[in-house]
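The first residue in the sequence is number 1, and the count goes up from there. Because the structure is a prediction, the values reported are computed rather than measured. Both counts, for ligands and for their atoms, begin at 1 and track the order of listing.
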Amino acid sequence: MKKITIAIDGFSSTGKSTVAKELAKALSYIYVDTGAMYRAVTWYAITNGFISDKKFDKEGLIKMLDDIDLKFKFDEALGYAAIYLNGKNIEDKIRTMEVSKLVSPIAEISEIRSKLVAMQKEMGKDKGVVMDGRDIGTVVFPDAELKLFMTASAEKRATRRYKELLDKGHKVTFEEVLENVEKRDYIDSHREDSPLVQADDAIYFDNSNLGLENQFERILSLAKRRIAEV
Ligand code: DC
């Protein structure tokens with residue numbers, strides 16, 4: 001059976017990663033969470049003093065890019081690959097509000113984007129990959145055989161993210177999460193380099209009023225159809 005490339009783009013907290021993980025599992029494909037890579041660089045920038053809510057030493061960070069080594073290693077307990085920064089598993093450090101608040105300015109930097117895009121292309125070069133992010137169907141794999149663009153209302157997405165953070169024991173308010181979702185939507189879709197836009201050939205899914213299981217069945221059958229066609 002021939003393998004294809006599946007690109008899933010869309011706004012934050014639209015259930016992209018849930019669908020991508022399940023799809024990868026069902027098809028025995030590799031799942032790559034590119035948001036985790038931008039979050040990992042953000043974590044590096046925070047812990048090395050390049051960025052905080054008060055300052056941003058962009059040039060200093062760019063100079064250190066060669067010092068940032070990112071790897072994914074499959075984690076049995078998680079059921080997907082955890083991200084490692086310079087040999088250290090930082091999976092539980094990157095999903096915090098602190099990182100969510102600072103990731104968009106980091107993801108605007110072209111030098112960072114080109115480093116991460118090159119890694120993403122390498123990870124998907126043999127196909128058989130489900131990759132989720134903002135620019136996968138437009139920049140990373142413009143020739144992907146299946147492209148999905150996912151969205152949902154900002155309130156619905158903030159509600160999902162708020163519940164996730166509370167379940168993990170983070171102290172946040174709903175208003176703070178909603179503000180972050182809306183701010184990131186704006187920056188991600190207005191930045192100069194690789195803004196979040198729907199690829200012309202992407203299939204649009206608005207899951208504001210749709211259960212994620214229903215949606216998954218539809219997406220899995222779309223993927224199987226594309227695989228049979230290639
Ligand atoms: O998918 P996520 O919410 O974990 O992504 C975190 C941030 O990373 C998001 O606000 C924008 C950025 N990002 C990006 O610019 N390009 C990607 N391919 C993936 C994420």
Side-chain angles (χ1 to χ4, degrees), residues 5-21 31-46 51 61 68 70 72 78 80-83 85 90-124 129-142 144 147-152 154 156-165 168 170 172 176-199 202 207:
T5 301
I6 304 177
I8 308 185
D9 289 305
F11 293 99
S12 59
S13 307
T14 43
K16 296 188 301 292
S17 67
T18 307
V19 165
K21 275 177 211 151
Y31 163 59
V32 181
D33 173 359
T34 64
M37 299 169 76
Y38 290 93
R39 287 174 179 272
V41 174
T42 307
W43 177 249
Y44 174 93
I46 294 171
I51 196 168
L61 175 63
I68 303 179
L70 298 181
F72 282 103
L78 288 175
Y80 57 89
I83 193 152
L85 167 68
I90 57 158
E91 190 62 33
D92 63 339
K93 311 276 188 223
I94 61 167
R95 316 272 171 201
T96 60
M97 273 306 283
E98 185 189 19
V99 171
S100 295
K101 282 182 179 168
L102 298 171
V103 66
S104 284
I106 297 277
E108 279 187 291
I109 303 173
S110 291
E111 287 85 348
I112 293 177
R113 299 205 72 84
S114 35
K115 175 180 166 112
L116 300 192
V117 167
M119 284 178 67
Q120 291 152 11
K121 287 188 173 180
E122 178 63 27
M123 286 188 267
V129 68
V130 185
M131 201 171 276
D132 80 358
R134 303 292 187 287
D135 58 345
I136 312 304
T138 50
V139 174
V140 184
F141 293 116
K147 297 181 188 176
L148 310 174
F149 189 88
M150 292 175 57
T151 190
K156 193 78 182 215
R157 293 186 283 125
T159 305
R160 288 180 193 150
R161 183 53 66 104
Y162 178 58
K163 277 195 192 134
E164 265 170 36
L165 287 167
K168 285 187 192 157
H170 295 264
V172 285
E176 192 184 359
V177 177
L178 178 63
E179 190 192 329
N180 176 251
V181 160
E182 289 176 333
K183 224 183 214 165
R184 280 201 289 143
D185 284 356
Y186 185 85
I187 303 179
D188 294 347
S189 45
H190 287 83
R191 66 176 172 234
E192 217 163 285
D193 189 346
S194 318
L196 168 65
V197 282
Q198 183 179 349
N207 59 42

Among all protein heavy atoms in this structure, tell me which lies nearest to [atom], with the distance rounded to 0.1 Å.
atom                    : answer
atom 18 (N) of ligand 1 : Asp135 OD1, 2.8 Å
atom 4 (O) of ligand 1  : Arg39 NE, 2.7 Å
atom 8 (O) of ligand 1  : Tyr38 CB, 3.5 Å

For the backbone of [Y] and the side chain of [X], can you confirm whether one donor and one acceptor N or O come within less than 3.5 Å of each other?
X      : Y      : value
Asp132 : Ser17  : yes
Lys147 : Pro142 : yes
Arg157 : Thr14  : no
Lys101 : Thr96  : no

Electrostatic pair [X]-[Y], nearest N-O below 4.0 angstrom:
X      : Y      : result
Arg160 : Glu164 : no
Asp188 : Arg134 : yes
Arg95  : Asp33  : yes

Which of these, Glu108, Arg184, Arg157, has its nearest heavy atom closest to atom 3 (O) of ligand 1? Arg184
Selected option - heavy-atom contact closest to atom 15 (O) of ligand 1, from Arg134, Lys183, Lys16, Arg113: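 Closest candidate by heavy-atom distance is Arg113.
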Need the ligand 1 atom indices (1-based, order shown) with element for anything under 4.0 Å from a heavy-atom of [X].
X      : answer
Asp188 : 9 (C), 10 (O), 11 (C)
Thr34  : 17 (C), 18 (N), 19 (C)
Ala107 : 12 (C), 15 (O)

Please verify whether a non-hydrogen atom of Gln120 lies at under 4.0 Å from ligand 1.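 The answer is no, since Gln120 has no heavy atom less than 4.0 Å from ligand 1.
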Ligand 1 versus Ser104, non-hydrogen atoms closer than 4.0 Å: side chain, backbone, both, neither?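 It is the side chain that gets close, since no backbone atom is under 4.0 Å.
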